[in-house]
Number of protein chains: 4
Amino acid sequence: MINQVTLVGRLTKDPELTYTALGRPFLQMTLAVNRPYRNQQGMTETDFIYCKVWNKSAENTSKYCQKGSLIGVLGTIQTRSYEDQEGKRIYATEVNVHTVRFLDKKRPNAESEEGELLPILNLP
Amino acid sequence: MINQVTLVGRLTKDPELTYTALGRPFLQMTLAVNRPYRNQQGMTETDFIYCKVWNKSAENTSKYCQKGSLIGVLGTIQTRSYEDQEGKRIYATEVNVHTVRFLDKKRPNAESEEGELLPILNLP
Amino acid sequence: MINQVTLVGRLTKDPELTYTALGRPFLQMTLAVNRPYRNQQGMTETDFIYCKVWNKSAENTSKYCQKGSLIGVLGTIQTRSYEDQEGKRIYATEVNVHTVRFLDKKRPNAESEEGELLPILNLP
Amino acid sequence: MINQVTLVGRLTKDPELTYTALGRPFLQMTLAVNRPYRNQQGMTETDFIYCKVWNKSAENTSKYCQKGSLIGVLGTIQTRSYEDQEGKRIYATEVNVHTVRFLDKKRPNAESEEGELLPILNLP
DNA sequence: TTTT
DNA sequence: TTTT
């Protein structure tokens with residue numbers, strides 16, 4: 001069994017770091033990935049792919065990325081189902097991210113101000 | 001922008017070939033992909049990943065595969081949204097498959113009966 | 001920067017586990033990966049891809065695989081250069097494997113005899 | 001059988017377009033892909049991965065890329081062997097590229113001068 | 001609910 | 001040096 005996803009796209013929003021009840025860092029984000037061709041109307045289309053990031057990767061992403069940042073993401077597709085408020089079964093698909101690569105050349109200002117050592121990932 | 005998915009898993013059902021209004025062969029299938037570790041309760045978990053296959057790949061898959069067949073799938077993640085009957089917006093994620101690899105050793109009977117040349121893909 | 005390889009192919013030989021000077025388990029293997037099309041002479045072609053596996057993955061591969069086993073491999077391409085006996089610079093490319101998936105249905109006999117718990121990876 | 005490679009890295013040289021005897025556009029290039037961690041000496045390491053690009057992709061790459069350009073590459077690993085001048089057998093590994101994605105934000109000057117429509121791939 |  |  002193999003389940004492997006590679007994406008390069010842009011963050012649709014500033015990432016917001018949260019923590020699980022047990023204190024595990026955790027981040028939900030949506031990647032906008034433009035399709036490499038135009039549709040019949042000559043328009044560019046985009047897939048908005050929902051991703052979950054955990055632990056150190058979540059912390060780094062929230063530190064070094066913002067709305068519009070270009071990132072690479074390695075992970076797996078995960079599916080789950082649950083019932084919504086009206087008792088209807090909903091099927092959800094998301095990418096469970098195990099690795100994030102920062103592909104923007106410019107480092108965010110916050111970093112240089114603090115003089116902090118960037119993770120090597122941030123140098124594409 | 002990169003959007004790349006690789007899966008190896010088993011078909012949850014016999015694939016059913018259909019055709020679009022314009023006569024394009026088309027196949028919807030769900031791949032069961034076991035996760036490679038056990039959860040906290042010691043249970044194996046499985047992702048059920050919804051896939052769409054088109055054209056010749058759809059025809060070959062419906063010919064040479066059945067419920068339980070082990071296949072490899074290359075494609076991209078696609079997202080779309082629509083309104084359900086109650087006017088609620090639903091977000092759907094699926095894998096748009098561009099290549100199928102048949103990984104079962106045994107060829108299906110249908111094929112040997114017809115004496116037809118198997119696509120090379122079928123020899124893993 | 002992204003460097004991601006996914007292969008499914010067959011072992012060209014029985015894998016041979018060795019250990020580094022520091023006692024780290026280590027395995028070199030070649031995967032035969034058939035190309036999915038015929039060349040101009042109507043022949044199937046095959047890529048023989050050199051791989052390195054480390055630690056627990058190396059031990060499991062040597063235990064559960066043999067010449068001809070179908071496996072999936074996730075890893076990265078690595079390059080290095082060195083001088084051969086005549087002082088000529090040689091450029092070598094190999095796949096550094098971080099994950100192995102066992103895709104043969106039958107488990108090797110050795111295992112059932114010993115009654116040992118198979119890694120979940122071995123159930124494709 | 002699956003053989004899938006995804007790389008994001010930088011061109012080590014200006015790409016040089018050539019043509020086969022039959023007039024097929026063709027490009028050899030080396031991608032520098034930094035490893036995402038430091039070695040024991042605290043140094044960044046880089047894999048220099050030899051790639052072959054064909055046809056339209058070769059033409060676009062030579063038009064829109066130059067030394068240092070950040071690109072994404074999808075392809076397969078191919079191996080071949082040949083004899084060198086001294087009759088020694090050499091084993092070569094390369095990436096056969098089927099898709100190139102241009103990930104630099106700035107479009108090369110050549111393009112705006114000619115006023116030509118950029119392939120959509122060039123808008124990351 | 002969407003990015004360049 | 002090659003697998004089914």
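Protein chains get the first letters and strands the later ones, always in sequence-line order, with residue 1 at the start of each. The basis for the numbers below is simple: all heavy atoms, side chains too, and nothing from hydrogens, waters or symmetry mates.
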If the condition is side chain to side chain contact (heavy atoms under 4.5 Å, CB included), which residues does Thr79(B) pass it with, not counting sequence neighbours?
Asp47(A), Phe48(A), Ile49(A), Thr93(B)
Whole Å only: how far is the CG atom of Asp14(A) from the P atom of dT2(E)?
16 Å
Listed by chain and number, what are the ring-ring contact (aromatic ring centres under 6.0 Å, His included) partners of Tyr91(A), not counting sequence neighbours?
none
Residues within residues 88-96 of chain D bordering DNA chain F, heavy-atom distance below 4.0 Å
Arg89(D), Tyr91(D)
Asp104(C) atom CG is separated from dT3(F) atom P, nearest whole Å, by 15 Å
Straight-line distance of Gln4(B) CD to Thr76(B) OG1, nearest 0.5 Å:
9.0 Å
Closest to the Phe48(A) side chain, choosing from dT2(E), dT4(F), dT2(F):
dT2(E)
Between dT3(F) and Lys67(C), is there an OP1 or OP2 to side-chain N/O distance shorter than 4.0 Å?
yes
Rounded distance in Å - CD1 (Ile71(C)) to P (dT3(F))
15 Å
Take atom CG of Asn34(A) and atom C1' of dT2(E), then tell me their distance rounded to the nearest Å.
11 Å
My understanding is that only residues two or more places apart in sequence, or in another chain, count here; which of them pass side chain to side chain contact (heavy atoms under 4.5 Å, CB included) with Glu86(C)?
Asp84(C), Lys88(D)
Qualifying residues under side-chain hydrogen bond (donor to acceptor under 3.5 Å, both in side chains), relative to Gln78(A), sequence neighbours excluded
none
Return the residues of residues 74-87 of chain C meeting this criterion: a heavy atom under 4.0 Å from some atom of DNA chain E. Order them by number, or give none.
none
Roughly how many Å is it from CD1 in Ile2(D) to P in dT3(F), rounded to a whole number?
21 Å
Determine the minimum heavy-atom distance between Pro15(B) and Ser62(B), stating which atoms define it.
CG-CA, 3.9 Å
Enumerate the residue pairs fulfilling salt bridge (charged side-chain N to carboxylate O under 4.0 Å, His left out) with a member in residues 65-78 of chain B, sequence neighbours excluded, ordered by first and then second residue.
none
dT3(E) C1' sits how many Å from Leu70(A) CG, rounded?
10 Å
Do Thr46(C) and dT3(F) have a side chain to base donor-acceptor pair shorter than 3.5 Å?
yes
Quick one: list whatever passes side chain to side chain contact (heavy atoms under 4.5 Å, CB included) with Ser69(A), sequence neighbours left out.
Leu11(A), Cys65(A), Gln66(A), Ile71(A), Asp104(A)
The complete set of salt bridge (charged side-chain N to carboxylate O under 4.0 Å, His left out) pairs with one or both residues in residues 11-20 of chain A, sequence neighbours excluded, reads none
Measure the distance from CE on Met29(A) to C1' on dT2(E) and round it to the nearest whole Å.
14 Å
Arg10(A) CZ - dT2(E) P separation (whole Å):
18 Å
